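Keep in mind the model is a prediction, meaning the values are calculated, not measured. Labels below follow one simple rule: chain letters A, B, ... track the order of the sequence lines, proteins then strands, and each chain is numbered from 1.
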There are 2 protein chains.
Amino acid sequence: MYKKKIPIRKECGLHVFKELLNGKWKLMLIYYISVGLKRPGALQKKIAVDRRVMNKQLDELVQHGFVEKVSFDTKVPKVEYQLTALGNSLLPLIISIEEWGENNRAVLETVLSEAIT
Amino acid sequence: MYKKKIPIRKECGLHVFKELLNGKWKLMLIYYISVGLKRPGALQKKIAVDRRVMNKQLDELVQHGFVEKVSFDTKVPKVEYQLTALGNSLLPLIISIEEWGENNRAVLETVLSEAIT
DNA sequence: GCAAGTACGCACAAATTTGTGCCTATTTGC
DNA sequence: GCAAATAGGCACAAATTTGTGCGTACTTGC
């Protein structure tokens with residue numbers, strides 16, 4: 001993993017959150033795992049991103065204690081992910097964010113289109 | 001501003017939120033403005049980051065409609081920021097995130113220290 | 001006059017995150 | 001045998017974000 005050169009800010013909850021959950025797909029992954037998409041294959045179909053990118057995000061979520069990875073040693077290898085208590089504690093937040101986004105979708109999409117950024 | 005090469009995902013509220021508020025200092029800026037730190041100087045003392053970095057984040061917040069910038073054309077130039085309705089609509093979310101971070105600070109700090117990331 | 005405070009800005013460097021090229025191995029189903 | 005699905009990996013390229021070097025201009029207070 002990438003070794004940070006700039007010290008991590010921990011002084012407020014916002015930073016702590018951001019530091020751990022900044023990944024482009026992390027919140028989505030947690031959400032989809034929570035609704036029952038436990039298999040890598042299923043998750044990948046949902047979020048439509050390269051397998052290795054998704055894996056990296058999942059690995060970090062595991063390392064950071066939001067998700068557990070269960071490997072079944074069957075003939076055809078099989079993996080399942082499930083949320084830890086910490087991961088579950090994020091769900092209300094994720095849902096709030098998602099709702100905020102949907103409630104303001106009209107305005108926000110306009111902004112996104114206009115912005116040069 | 002930076003012209004994106006990878007298309008922006010808008011399909012879910014999480015992405016929309018992330019796209020606009022991903023900046024390292026954005027949520028903090030919105031929060032501090034909401035509690036009355038309207039002047040750039042005051043904000044800068046709080047978040048302790050280079051002026052130009054902060055300005056860039058503020059400019060984007062203005063462009064995206066979360067914050068309004070008011071310039072007073074006095075002899076000594078003066079600037080004040082204030083939240084728009086859209087910016088205000090984020091406050092509950094920001095507070096929830098902040099609380100989540102603080103509530104789980106013990107665990108999360110451990111994770112942050114251990115993680116090589 | 002001059003330090004300190006206000007504010008603004010370009011261009012570039014550095015850090016960080018995200019994505020891709022190319023490889024390995026096993027089993028199931030045709 | 002061979003395609004497709006399972007899962008894993010290294011090394012690097014590309015994209016994106018964050019931070020810095022250096023410069024401008026004005027006003028107030030000593």
Side-chain angles (χ1 to χ4, degrees), chain A residues 1-9 14-15 17-29 37-64 67-81 112 115-117, chain B residues 1-9 14-15 17-29 37-45 47-64 67 69-81 112 115-117:
Chain A
M1 303 231 161
Y2 184 78
K3 176 74 177 168
K4 285 190 187 290
K5 294 177 184 169
I6 292 183
I8 299 178
R9 301 278 195 113
L14 291 174
H15 268 128
F17 176 88
K18 192 160 204 320
E19 204 55 55
L20 292 167
L21 296 161
N22 197 20
K24 189 162 173 181
W25 312 97
K26 286 187 181 173
L27 295 183
M28 285 185 79
L29 285 169
L37 301 181
K38 300 169 180 293
R39 307 291 307 283
L43 287 168
Q44 218 195 315
K45 270 170 208 148
K46 264 296 178 195
I47 71 176
V49 67
D50 186 273
R51 171 180 63 81
R52 288 156 299 180
V53 172
M54 191 184 79
N55 274 11
K56 203 170 169 189
Q57 304 260 318
L58 282 167
D59 283 351
E60 285 182 20
L61 287 174
V62 171
Q63 273 201 11
H64 294 162
V67 168
E68 273 173 1
K69 178 176 186 174
V70 188
S71 297
F72 297 87
D73 202 12
T74 43
K75 283 188 223 163
V76 172
K78 176 180 161 184
V79 171
E80 280 188 10
Y81 293 98
L112 278 175
I116 315 141
T117 303
Chain B
M1 304 231 157
Y2 183 78
K3 176 76 178 167
K4 285 189 187 291
K5 293 177 184 168
I6 293 182
I8 299 176
R9 300 279 193 114
L14 291 173
H15 268 128
F17 175 89
K18 191 159 205 322
E19 203 56 54
L20 291 167
L21 297 161
N22 197 21
K24 189 163 173 180
W25 312 96
K26 286 186 180 172
L27 295 184
M28 285 185 79
L29 286 170
L37 302 179
K38 300 169 180 292
R39 308 288 308 282
L43 287 168
Q44 218 194 315
K45 269 172 207 145
I47 72 174
V49 67
D50 185 272
R51 170 182 64 82
R52 290 158 297 181
V53 172
M54 193 185 77
N55 275 11
K56 202 168 168 189
Q57 305 261 317
L58 283 168
D59 283 352
E60 284 182 19
L61 287 174
V62 171
Q63 274 201 11
H64 294 162
V67 168
K69 178 178 187 172
V70 188
S71 297
F72 296 87
D73 201 11
T74 44
K75 284 189 225 163
V76 173
K78 178 178 162 187
V79 171
E80 279 188 13
Y81 292 98
L112 279 175
I116 316 142
T117 302

From the set dA15(C), dA15(D), dA7(C), return the single nucleotide nearest to any side-chain atom of Y2(A). dA15(C)
Picking from dT16(C), dA7(D), dG19(C), which would you name as closest to the side chain of P40(A)? dA7(D)
Reckon V76(B) touches a base, only the sugar-phosphate, or nothing at all at heavy-atom distances under 4.0 Å? sugar-phosphate
Reckon K69(A) touches a base, only the sugar-phosphate, or nothing at all at heavy-atom distances under 4.0 Å? sugar-phosphate
Just the rounded figure in Å: distance from [atom2] of [N] to [atom1] of [X].
X: K5(A); N: dA14(C); atom1: NZ; atom2: P; answer: 10 Å
X: Y81(A); N: dT6(D); atom1: OH; atom2: C1'; answer: 12 Å
X: I6(B); N: dT17(D); atom1: CD1; atom2: C1'; answer: 13 Å
X: E80(A); N: dA7(D); atom1: CD; atom2: C1'; answer: 14 Å
X: R9(A); N: dT18(D); atom1: CZ; atom2: C1'; answer: 12 Å
X: N55(A); N: dG19(C); atom1: CG; atom2: P; answer: 13 Å
X: E19(A); N: dT17(C); atom1: CD; atom2: P; answer: 7 Å
X: D50(B); N: dG9(C); atom1: CG; atom2: C1'; answer: 12 Å

Is there a donor-acceptor pair closer than 3.5 Å between any side-chain N or O of K18(B) and the backbone N or O of N22(A)? yes
Check for a donor-acceptor pair, side chain of K26(B) on one end and backbone N or O of L20(B) on the other, with a separation under 3.5 Å. yes
Quick one: on DNA chain D, does P77(A) or D59(A) contact a more 5' nucleotide (nearest heavy atom)? P77(A)
Atom pair CG (L21(A)) and CG (L29(A)), whose distance is rounded to the nearest 0.5 Å: 11.0 Å
To the closest 0.5 Å, what do you measure between CZ (R39(A)) and CG (L37(A))? 11.5 Å
For K56(B) and R52(A), find the nucleotide of DNA chain C closest to each by heavy atoms; which residue's nucleotide sits nearer the 5' end? K56(B)
Looking at [N], I'd like to know if its phosphate oxygens (OP1 or OP2) sit under 4.0 Å from a side-chain N or O belonging to [X].
X: K75(B); N: dT27(D); result: no
X: K24(B); N: dG19(D); result: yes
X: K3(B); N: dA15(D); result: no

I'd like to know if R51(A) reaches the base of dG8(D) with its side chain such that a donor and an acceptor end up less than 3.5 angstrom apart. yes
Taking it one step at a time, do K69(B) and D59(B) satisfy side chain to side chain contact (heavy atoms under 4.5 Å, CB included)? CA-CA 9 Å; K69(B) 178 178 187 172; D59(B) 283 352; 4.3 Å; yes
